[in-house]
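This report refers to the structure that appears directly beneath it.
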Amino acid sequence: QVQLVESGGGLVQAGGSLRLSCAMSGSGFVIMAMGWYRQVPGKQRELVARLTGGGGTHYPDSVAGRYTISRDNANNKFYLQMSSLRPEDTAVYYCYALTEISGRSGVYDTWGQGTQVTVTS
């Protein structure tokens, strides 16, 4: 199984940049995809970046051109680089991994604990 821990959130002015990190640990799993979501109170959790096991990426229109997802296989981490930040980007950001687990059929979502990003105007 896999465990995820995010870091790198904080306070930034509009137009600024921030990089979030996700550290992965555990055993007995194969990662099929990884990514980042964000959530604000009263709203659904929103996908902001996805990286497939084959290296493909996906971004919604709201962040395309401003956010970049990347991975570091040697250190078992992946990242979200955010630029040209806006107040509406303020949210709790969560990393996730879509995995297959040894000895079990199906696909499983694993989430980090979340890290706060606040963008001031």
Side-chain angles (χ1 to χ4, degrees):
Q1 298 183 3
V2 62
Q3 294 80 46
L4 308 179
V5 178
E6 305 101 330
S7 62
L11 184 68
V12 63
Q13 290 186 338
S17 299
L18 204 61
R19 189 180 74 163
L20 307 182
S21 299
C22 186
M24 300 178 288
S25 63
S27 62
F29 64 90
V30 175
I31 298 175
M32 301 179 65
M34 62 203 78
W36 293 89
Y37 281 72
R38 66 186 181 189
Q39 189 169 29
V40 299
K43 296 186 68 176
Q44 296 290 104
R45 192 168 294 185
E46 175 190 21
L47 175 72
V48 296
R50 186 178 71 223
L51 177 66
T52 69
T57 59
H58 172 78
Y59 307 93
D61 290 343
S62 59
V63 307
R66 302 188 298 117
Y67 288 18
T68 302
I69 186 171
S70 61
R71 62 184 175 185
D72 181 353
N73 290 332
N75 293 295
N76 217 23
K77 295 179 179 179
F78 63 99
Y79 306 94
L80 183 68
Q81 178 66 49
M82 303 182 291
S83 301
S84 300
L85 285 164
R86 307 164 182 169
E88 53 264 41
D89 294 319
T90 295
V92 177
Y93 283 71
Y94 300 87
C95 62
Y96 86 97
L98 185 68
T99 64
E100 293 182 342
I101 300 175
S102 297
R104 298 165 65 182
S105 61
V107 180
Y108 299 85
D109 284 312
T110 302
W111 298 91
Q113 84 286 356
T115 186
Q116 177 71 46
V117 172
T118 302
V119 184
T120 61
S121 59

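Between S102 and F29, the shortest heavy-atom contact is OG-N, 4.3 Å. A pairwise comparison of heavy atoms in M24 and N76 identifies O-ND2, 2.8 Å as the closest pair. The minimum heavy-atom distance between A14 and S121, with the atom names listed, is CB-CA, 4.4 Å. Closest non-hydrogen pair, E6 versus G114, comes out as OE1-N, 2.8 Å. Counting all heavy atoms, side chain and backbone alike, S62 lies closest to E46 at OG-OE2, 3.5 Å. Closest non-hydrogen pair, S84 versus R66, comes out as O-NH1, 3.1 Å.
Two residues are said to be in side-chain contact when any heavy atoms from C-beta on lie closer than 4.5 Å; L20 and M82 meet this criterion. Contact of the Q116 side chain with the T90 side chain is registered, since non-hydrogen atoms from C-beta on lie closer than 4.5 Å. Side chains of M34 and C95 form no contact here, defined as non-hydrogen atoms less than 4.5 Å apart. Counting only heavy atoms from C-beta outward, the side chains of V117 and D89 never approach each other to under 4.5 Å. Residues Q3 and T110 form no side-chain contact, since every pair of their non-hydrogen atoms from C-beta on lies 4.5 Å or further apart.
Note that OG of S25 is 7.5 Å distant from CG of L4, once rounded to the nearest 0.5 Å. The structure places OG1 of T115 at 11.0 Å from CG of L80, a figure rounded to the nearest 0.5 Å. Going from atom OH of Y79 over to atom OG of S70 covers 7.0 Å, rounded to the nearest 0.5 Å.
Legend: salt bridge (Lys or Arg N to Asp or Glu O under 4.0 Å) pairs involving residues 69-86, not counting sequence neighbours: none detected. Applying the salt bridge (Lys or Arg N to Asp or Glu O under 4.0 Å) test to residues at least two apart or on different chains, none of the pairs has a partner in residues 90-118.
Grouping Ile, Leu, Val, Met, Phe, Trp and Tyr by side-chain contacts under 4.5 Å, direct or through others, puts Y37 with M32, L47, V92, Y94, Y96, L98, V107, W111.
When the salt bridge (charged side-chain N to carboxylate O under 4.0 Å, His left out) test is applied to E88, no partner is found at least two apart in sequence or on another chain. With sequence neighbours left out, the ring pair (Phe, Tyr, Trp, His ring centres under 6.0 Å) criterion links Y93 to no other residue. Partners of T57 under the side-chain contact (heavy atoms from CB on, under 4.5 Å) rule, at least two apart in sequence or in another chain, are L51, Y59, I69.
Between the side chain of R50 and the backbone N or O of H58 there is no donor-acceptor pair closer than 3.5 Å.
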